[in-house]
Amino acid sequence: MEKNSIIRNSRTEKVAKNIIISTICQLLTFALTFINRTVFIKVLGIEYLGINGLFTNVLTLLSFAELGIGGAITFHLYKPLAEDKKEELKTLLKLYANIYKMIGIFVITIGIILIPILPNIIGEAPNIKENINIIYLLFLLNSAISYFFVYKSTIISADQKEYIVALNRQIITIIFTIIQLITLYFTHNYMVYLVFQILLTVVINLSISRKANKMYPYIKDMKDIKQDKNKLKVIFKDAKALFMYKGASVVLDGTDNIIISTMLGVQFVGYAANYTMIVNAVTTIFKQIINSFTASIGNLNTTEDAQHSKEVFYKLFFICFWIYSLGSIMLLTLTNNFIEIWLGKQYILEELVIVGLVFSFYIQGIQIIPYMYRTTLGLFVEGRYSPAMAAIVNIILSIILGKLYGIGGIFLATGIARFFTIGIVDVILIYKKKFNDKIMEYFKKFSLYAIVFIVLYSIINIICSYLIINSLFMLIIKAIVVFVIYNLLFIIIFRKTSSYMAVKELIKNIFNKLLIKRSK
């Protein structure tokens, strides 16, 4: 019992560090992204922004080559890390390194083969002076580089120390982004901008690799490590199943800009990119908070019983609802005001665009915990077809809703497809394999949370309708009003529930541990 208590305290402390440091880093990243986007649009224009978004989507699709091996190996790292089995860790990391080098070469090769069909993807040729193929090759190189280094950052994250990766990444990003923007402002050269992006990726990966070598010096010597054939079979069995998840998830999340470009033109990708930048920034910050629990959940599911694991599941599910419903309401009420003040009315798109994006944002966020539990439990084979169904439904719905409702319909399709496939299957799997319980409890909570969200949004939207937003100051006032009213109403509604009391206690414990450690 005492040992379990020590393990839980250790997890809480690491989660606290991951949340605080990662969140600060992501807030800084958002500030940098905002400045970057502002300078980018003013200097280069909307068509360059469209190309930026389109090629990012194309190369996201190429990441299917990862085959799920990363998730499978990360899962197998949790136990040897907890038990300090260095030789087993070295075996896994050597396998990871070798496979990812081959994947990097594969991505570059397939990326080059795709060059002749780029005109079909781009649609109407954009009004830019640089060679499209060279721009694409620079994007391709930037995407492929990380495959040669990623295994080093994985061991740090699996060891519940994601904050170290985040901090290294943030410091280097700040320095490079400042240099990149100054150069862009004075040269107006998009190619130089992309070269700096590649240099940033290289330096970040080298820095994290060096940090991993210092933290785990035994991983520097992996030359004579022989592969365990039985372990390889298990990993590749999991990876085979994860390929279904990975490939389909890439199609689910990585085709919106391609469909927009093909149906409407690359300039509309540029307009939509301002909306997706804002939503993605909030998504990244929130995911960083929730992902801080991932390695701890992996550790939890190898050391704790089903009942305790289920209790933690509902605490995290409640936290997800709290922050993602807050984020959704703030995005719905503030985004168009923000874009109008930032760029002007000519950059505002129809209301359905932000509704579609926020719907997908909310569905993905509320389903993060079931997804995390499934992956950290190693449930890779079971339910492997659900992402494929989600991808197929998404493409069909995107085409139909895109023709009917434009960009907003395309974004809306992603959330609908995710909700009716992956989200349901993940919950069924963890209830059946871990909790050994009926799933109605989960769907009752899901439905209750959805009703609360609609009620809170309706009240806040009515209150905000009395505010006239014509300056940055008034936008900040509106944001504060939304934030305060949401949390007051939320606490009033849930203050007597066991979920709220448990989360309140968890937050108190995290802050107490941080204060005690600081005082020492």
Problem set entry | Check: Arg37 side chain, Ala273 main-chain N or O, donor-acceptor pair, under 3.5 Å | yes
Exercise. Parallel, tilted or perpendicular: which fits the ring planes of Phe196 and Phe176, with parallel below 30° and perpendicular above 60°?
Worked result: perpendicular
Problem set entry | Any Leu49 side-chain heavy atom under 4.5 Å of Leu44 side chain | no
Exercise. Taking all atoms of both residues into account, what is the closest heavy-atom pair of Thr177 and Leu32, and its distance?
Worked result: CG2-CD2, 4.0 Å
Exercise. Okay, side chain of Asn205, backbone of Thr201: is any donor-acceptor separation there less than 3.5 Å?
Worked result: yes
For this session: Answer whether the closest heavy-atom distance between the side chains of Phe139 and Ile135 falls below 4.5 Å.
Result: yes
For this session: On the 0 to 90° scale, with breaks at 30° and 60°, tag the Tyr147-Tyr100 ring pair as parallel, tilted or perpendicular.
Result: tilted
Exercise. Which value, rounded to the nearest 0.5 Å, describes the distance between Gln180 atom CD and Thr173 atom OG1?
Worked result: 10.0 Å
Problem set entry | Atom of Cys320, atom of Ile366 and distance for their closest heavy-atom approach | C-CD1, 4.4 Å
Exercise. Should the ring pair Tyr48 and Tyr190 be called parallel, tilted or perpendicular, given that the plane angle runs from 0 to 90° and is split at 30 and 60?
Worked result: perpendicular
For this session: For Ser325 and Trp322, indicate whether the former's side chain and the latter's backbone hold a donor-acceptor pair under 3.5 Å.
Result: yes
Exercise. Can any side-chain N or O of Asn487 pair as donor or acceptor with the backbone N or O of Phe483 at less than 3.5 Å?
Worked result: yes
For this session: Could you tell me whether Phe411 and Tyr275 have their ring centroids closer than 6.0 angstrom?
Result: no
Exercise. So, the side chain of Asn461 versus the backbone of Tyr457: is there a donor-acceptor pair under 3.5 Å, distance only?
Worked result: no
Problem set entry | Separation of Asp256 CG from Ile395 CD1 (nearest 0.5 Å) | 10.5 Å
Seminar exercise, completed: Tightest non-hydrogen contact, residues Thr187 and Thr183, listed as OG1-O, 2.6 Å
For this session: Starting from the C-alpha separation in whole Å, work towards a yes-or-no answer on side-chain contact (heavy atoms from CB on, under 4.5 Å) for Arg169 and Ile208.
Result: CA-CA 8 Å; Arg169 190 185 303 277; Ile208 294 172; 3.8 Å; yes
Exercise. Closest heavy-atom contact between Cys464 and Val482?
Worked result: SG-CG2, 3.5 Å
Exercise. Would Ile258 and Leu54 satisfy side-chain contact (heavy atoms from CB on, under 4.5 Å), going step by step from the backbone distance to the final call?
Worked result: CA-CA 6 Å; Ile258 295 172; Leu54 177 62; 4.0 Å; yes
Seminar exercise, completed: All heavy atoms of Ala390 vs all of Thr421, minimum pair found to be CB-OG1, 3.0 Å
Exercise. If you measure from CG on Asn274 to CD1 on Ile41, what distance do you get to the nearest 0.5 Å?
Worked result: 4.0 Å
For this session: For the pair Tyr324 (side chain) and Gln367 (backbone), establish whether a donor and an acceptor sit closer than 3.5 Å, ignoring hydrogens and angles.
Result: no
Exercise. How are the rings of Tyr347 and Tyr271 set to each other: parallel, tilted or perpendicular (split at 30° and 60°)?
Worked result: tilted
Exercise. Does some side-chain heavy atom of Ile132 sit less than 4.5 Å from a side-chain heavy atom of Ile51?
Worked result: yes
For this session: Report yes if some heavy atom in the side chain of Val269 is under 4.5 Å from a heavy atom in the side chain of Asn52; otherwise report no.
Result: no
Exercise. Are the side chain of Thr109 and the backbone N or O of Ile105 linked by a donor-acceptor pair below 3.5 Å?
Worked result: yes
Exercise. In this structure, are over 12 heavy atoms from other groups packed under 6.0 Å from Leu404 atom CG?
Worked result: yes
Problem set entry | Tyr405, OH atom: more than 12 neighbouring heavy atoms under 6.0 Å | no
Exercise. What are the two closest non-hydrogen atoms of Ile323 and Phe286, and how far apart are they?
Worked result: O-CE2, 3.0 Å
Exercise. So do the side chains of Ile113 and Ile110 get within less than 4.5 Å of each other, counting heavy atoms only?
Worked result: yes
Exercise. When you measure from the side chain of Ser360 to the backbone N and O of Gly415, does any donor-acceptor pair fall under 3.5 Å?
Worked result: yes
Exercise. Given the rule in the side-chain contact (heavy atoms from CB on, under 4.5 Å) test, do Leu397 and Leu412 qualify, once you have shown the distances and angles that lead to the verdict?
Worked result: CA-CA 9 Å; Leu397 274 180; Leu412 195 62; over 6 Å; no
Seminar exercise, completed: Distance col, row Phe55:CZ vs Leu194:CG, nearest 0.5 angstrom, shows 10.0 Å
Problem set entry | Separation of Tyr136 OH from Leu114 CG (nearest 0.5 Å) | 4.5 Å
For this session: Kindly determine whether Ile115 and Leu137 satisfy side-chain contact (heavy atoms from CB on, under 4.5 Å), including the steps that lead there.
Result: CA-CA 9 Å; Ile115 289 176; Leu137 287 172; 3.7 Å; yes
For this session: Please round to the nearest 0.5 Å and tell me the distance separating atom CG of Leu332 and atom CZ of Phe359.
Result: 12.0 Å
Exercise. Should Val481 and Ile460 count as side-chain neighbours, where that means a heavy-atom distance under 4.5 Å?
Worked result: no
